[in-house]
Structures are given as structure tokens and as C-alpha cells.
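This report refers to the structure that appears directly beneath it.
Order of the sequence lines sets the chain letters (A, B, ...), proteins ahead of strands, with each chain counted from 1.
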Amino acid sequence: IAGITQAPTSQILAAGRRMTLRCTQDMRHNAMYWYRQDLGLGLRLIHYSNTAGTTGKGEVPDGYSVSRANTDDFPLTLASAVPSQTSVYFCASSESSSGSVDEQFFGPGTRLTVL
Amino acid sequence: SQKIEQNSEALNIQEGKTATLTCNYTNYSPAYLQWYRQDPGRGPVFLLLIRENEKEKRKERLKVTFDTTLKQSLFHITASQPADSATYLCALDFSSASKIIFGSGTRLSIRP
């Protein structure tokens, strides 16, 4: 069982380019999340999805978009990358979709550098 | 807005001692609180969850307390080992649309 996979592992991107980070889970979890992790700031929620077909904004959604066409996949798109989006991005999932008590399972992360 | 503070950026202790990490929060109390471990270059891994009506939760050498009066959670690792060296994150749920909020973490180093 793979759990959560993310691709690519790392990427260097020119400012202004479009980029999609991929996330796939095989646990049939209802909820999925995208976080960014920056030194000293911890993990901050970008977007989330409680179930396939629905998405919501987290703490820092500007400049990012997501879609949830099916249960397994939750891609994160940067329409026009800027240097401040340089970060490590983590995808996570949890079984519950109701926001109740539930542990989150994290992917290995994508290290993105925008020049 | 809600704030979470973890006691220090780094904690360095001798093997065999008990490591104690602190997570403080402001404003209203969460419904539950989670602790995660994160190793360099990897995603966080869930360790323990404690609910607002629980005072203490244990799992092997780990113990978590939750004091809603002090607005604080303590995370203890007893008989610490070098393999316990990692960054530990607390995360709080406020049952809001933005799901759980993570602290910035405490980097724990256990020296032999």
C-alpha cells in the first residue's frame, strides 16, 4: 500500500510559469488537504476537499487552485508562479469528511523553487 | 486570530531523560489536539490525539496532557533515545472550515 504519493519530488520553476503538483491516495479517504511548509512558519493550509466534487479555501489560498474530480486525486495548480511560492508542499488525507476527530496522513512532499 | 506557540525552536537533552515539549494556544479552546513527528525531508506522521475532555493520553513511551485552563498541551517522551530526535508538531482543531492549525514545531535532539 503506497498511502499518498506526490509528484514531482522537486521542481525549479521560472516565475510566471504554470505548475501542477500531483497528489494521489489509495486509502479511499474522503478528505484531502494541501499545505505549504516554510521555515519558522510551520504548516499552513492552502486548500482542502471534504469529499470528491467539493473544495474549500484554507489559510493561504491566493495564487493556488485545486480540483477534486475523484476520490483519489487532488492536484494543486499554481497559475502563474511567483518567488514567494517557493516552499515545500505537502498533500495529506484523512478518513473523515466531517471535520471530526481524525488523524491526517501526509505525502512525502514536493520541494518547489520559483526563480 | 488563533495562535499556537511551541515552547522553543530546539530542545537538546541527554539520552535516557524525559523530554517535555510545550504547545500553548490563545483565544478559544480546540475540540481536540494532535501531535505529529516530522523527520528531515519527510512528511509529518501522526502520534497521538487528545480530546478537550481528556486530561492525559499515553502510548508506549509517549504521554500527552491537555489543560484547557492553562491553554496548554505538554508532550512527554520518557526514556528518550537518539532515534527520538525529530521535529514535533502540535496541531489544534477548532471545528472551523479551515480544519486544523499546526504549530511551527520543536526540533528535539537526543544526545547519546
Side-chain angles (χ1 to χ4, degrees), chain A residues 2-7 9-10 21 23 25 27 29-51 54-61 66 74 87-111, chain B residues 1-10 21-26 29-54 57 59 62 64 66 73 86-107:
Chain A
I4 295 186
T5 57
Q6 291 185 237
T9 301
S10 65
L21 307 186
C23 174
Q25 54 109 353
M27 298 174 282
H29 283 172
N30 286 305
M32 296 187 75
Y33 315 85
W34 273 106
Y35 294 89
R36 59 178 290 173
Q37 187 172 38
D38 303 289
L39 201 61
L41 294 176
L43 284 159
R44 291 181 293 167
L45 183 67
I46 304 171
H47 285 286
Y48 65 93
S49 169
N50 284 335
T51 190
T54 70
T55 63
K57 292 181 180 180
E59 183 185 357
V60 288
V66 291
F74 190 43
S87 187
V88 181
Y89 291 85
F90 288 101
C91 180
S93 71
S94 63
E95 188 173 351
S96 169
S97 62
S98 66
S100 61
V101 173
D102 218 358
E103 68 178 277
Q104 294 193 8
F105 294 81
F106 284 80
T110 293
R111 184 175 294 276
Chain B
S1 63
Q2 194 63 259
K3 267 184 115 173
I4 302 169
E5 289 180 0
Q6 295 195 237
N7 56 324
S8 59
E9 277 193 22
L21 284 65
T22 305
C23 178
N24 295 299
Y25 59 92
T26 60
S29 283
Y32 63 91
L33 189 150
Q34 301 180 8
W35 283 89
Y36 288 78
R37 169 183 172 138
Q38 186 174 22
D39 291 288
R42 307 185 79 127
V45 175
F46 172 81
L47 295 174
L48 277 169
L49 179 150
I50 187 165
R51 291 174 172 75
E52 61 180 333
N53 61 352
E54 296 176 318
K57 186 71 81 69
K59 179 182 175 183
L62 309 180
V64 171
F66 193 6
S73 173
T87 295
Y88 291 86
L89 308 168
C90 68
L92 283 65
D93 162 65
F94 298 100
S95 299
S96 69
S98 60
K99 302 297 180 180
I100 62 175
I101 301 173
F102 282 85
S104 56
T106 296
R107 190 172 65 253

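- Note that OH of Tyr35(A) and CD1 of Ile100(B) are 4.5 Å apart. Values are rounded to the nearest 0.5 Å.
- In terms of heavy atoms, Ser104(B) sits closest to Leu41(A) at CB-C, 4.2 Å.
- A search for side chain to side chain donor-acceptor pair (under 3.5 Å) contacts involving Gln6(A) returns nothing, not counting sequence neighbours.
- Residues Asp102(A) and Leu49(B) share a closest heavy-atom pair of N-CD1, 4.2 Å.
- By the salt bridge (Lys or Arg N to Asp or Glu O under 4.0 Å) test, Asp39(B) pairs with Arg37(B), sequence neighbours left out.
- No more than 12 heavy atoms of other residues, nucleotides or ligands lie within 6.0 Å of CZ in Arg111(A), so this atom counts as exposed by the packing criterion.
- A donor atom on one side chain and an acceptor atom on the other are found under 3.5 Å apart for Gln37(A) and Gln38(B).
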